[in-house]
There are 2 protein chains.
Amino acid sequence: MLRISKLTDYGTIVLALMARDPLEIYSATDIARRINVALPTVGKVLKTLARADIVTATRGSHGGYSLSRLPSTISIAQIIDAIEEQPFGLTECTSIAGLCMQENHCRVRANWMRINQSVRIALENLTLGDLVAETVQSTATQIQKVPLPKIDAQKLEENHEHGCS
Amino acid sequence: MLRISKLTDYGTIVLALMARDPLEIYSATDIARRINVALPTVGKVLKTLARADIVTATRGSHGGYSLSRLPSTISIAQIIDAIEEQPFGLTECTSIAGLCMQENHCRVRANWMRINQSVRIALENLTLGDLVAETVQSTATQIQKVPLPKIDAQKLEENHEHGCS
DNA sequence: ATATATAGGACAATTATAGTCCTATATGGC
DNA sequence: GCCATATAGGACTATAATTGTCCTATATAT
């Protein structure tokens, strides 16, 4: 797949709309109408975002949702973490029986983890502010060829202990 | 999700094994036994990789698969493209009815596309060679904060014409 | 009180993925 | 030529993930 789920995609659209007036309160009904997505679906996204404290809910009439923080302080990684069910990562740390022992497999896994880490860092540095910017600002993130830091042997050990194959 | 499929994961493991002796011929049976994955599954992966000309098949007895090119010239992006069914991208370029007209939605989509592009470039620069390296070499790829190039207005137009919402 | 909101969980339908199997074709050795 | 061994390609099934919806409970303003 290598793809964020539709719900997360909706999440970015919803948040982008809210980012236009970062201090305003938006009801789920309002947002649903404005982005043209069904109310129950938008509601689900907003509830999830509220649980992660990315938006703050106000109940009752005249209630709704508002951004908990300014757009430039909400990272794309946080949004993904909030809505995606499985933990972040291009590859899964699965324990296929007997694979963990194979040096070959283990090495590939370790290098995948580092690739994951790079992508993760990129998405941590990108914010909701960047997402709504006319063009992505100079504070945005790009990937380029540079030396990777030394491998962290301790971290790899930890992965093993947690059943990483 | 934001995750490569298991089949693609197997693909990297298979190729990593083959990369240890880049000129040798490996039968599907042999590979299946050595990486401890069921034969039909390994076969499926290898057939797919052969179609993309990443490995070359030799039929008949004493036949098998061998790498078509040296590990350092096979990019991770190529492997993903070969095995994943859907085109590369963190976000899908879906046409949800009536969303394409909304400036807000369109802007978010455009910026997502650029994020995709960054990740794509990273995976194009990483090779099978890097994946089997003891530690990822200095030729490997990391993501860091740098200015993004100017937006390519022409490309964005093309996306629109192809029904991108 | 009542209308308007969100909270949280349960549910059904759809879709994607994984894995297997079957038949056809090619090659080397006897 | 015949047989064992390999891959080619597609079909098919079972499983899992995802989506989207709905229901009931709770909170708030008028």
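- Put simply, B:Y10 has a side-chain N or O that comes within less than 4.0 Å of OP1 or OP2 on C:dG19.
- Nearest to the side-chain atoms of A:Q86 among the listed nucleotides C:dA16, D:dA8, D:dA17 stands D:dA17.
- Contact annotation: B:Y65 side-chain N/O to D:dA8 OP1/OP2 distance is under 4.0 Å.
- Here the nucleotide nearest the side chain of B:K47, chosen from D:dA8, C:dG19, C:dG8, is D:dA8.
- Between A:R51 and C:dA7, a side-chain N or O to OP1/OP2 separation shorter than 4.0 Å is absent.
- Defined by atom type and a distance below 3.5 Å, a donor-acceptor pair is missing between the side-chain atoms of A:E124 and A:S75.
- The CG-C1' distance, from A:L49 to C:dG8, rounds to 15 Å in whole Å.
- Residue-to-nucleotide proximity on DNA chain C shows that, of B:E85 and B:L39, the 5′-proximal contact is made by B:E85.
- Per the geometry, CZ belonging to B:R3 stands 11 Å off P belonging to C:dA18, to the nearest Å.
- Position along DNA chain C of the nearest nucleotide to A:L46 versus A:H62 favours A:H62 as the more 5'-ward residue.
- Applying the 3.5 Å distance criterion, the base of C:dT25 shares a donor-acceptor pair with the side chain of B:R59.
- The interatomic distance linking A:L2 (CG) with C:dT17 (P) rounds to 11 Å, in whole Å.
- Of the candidates D:dT21, C:dG28, C:dT6, D:dT21 carries the atom nearest the A:A38 side chain, counting heavy atoms from C-beta on.
- Distance from the side chain of A:K6 is smallest to D:dG20 among C:dA5, C:dT17, D:dG20.
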| Between A:Y65 and A:I25, does a side-chain contact (heavy atoms from CB on, under 4.5 Å) hold up when you go through it step by step? | CA-CA 5 Å; A:Y65 296 91; A:I25 292 189; over 6 Å; no

| query | Do A:D9 and B:W112 pass the side-chain contact (heavy atoms from CB on, under 4.5 Å) test, and can you show the C-alpha distance, the side-chain angles, and the key distance before you say yes or no? | reply | CA-CA 10 Å; A:D9 200 5; B:W112 261 122; 4.2 Å; yes

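- In this structure, of D:dA17, C:dA16, D:dT21, it is D:dT21 that holds the atom nearest to the side chain of A:K44.
- Side-chain atoms of B:E84 and B:S5 form a donor-acceptor pair, as typed in the model, at a separation below 3.5 Å.
- Atom CD1 of B:I25 and atom P of C:dA26 are 18 Å apart (whole Å).
- Remark: P of D:dT5 and CZ of B:R33 are 13 Å apart, rounded to the nearest angstrom.
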| Candidate pair B:L17 and B:I13, rule side-chain contact (heavy atoms from CB on, under 4.5 Å), full reasoning | CA-CA 6 Å; B:L17 173 65; B:I13 302 292; 5.9 Å; no

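- For D:dT5, neither phosphate oxygen OP1 nor OP2 lies less than 4.0 angstrom from any side-chain nitrogen or oxygen of B:T29.
- OP1 or OP2 of C:dA18 has at least one side-chain nitrogen or oxygen of B:S5 nearer than 4.0 Å.
- Distance CG (B:L7) to C1' (D:dA17): 16 Å, rounded to an integer number of Å.
- D:dG20 atom P lies 13 Å from atom CG of A:N36, rounded to whole Å.
- Regarding A:I83, its CD1 atom lies at a distance of 15 Å from the C1' atom of D:dG20, rounded to whole Å.
- For the OP1/OP2 pair of D:dT21 and a distance below 4.0 Å, the side-chain nitrogens and oxygens of A:T41 include at least one atom meeting the criterion.
- Taking each heavy atom of B:K44 and B:T48 in turn, the nearest pair found is O-OG1, 2.8 Å.
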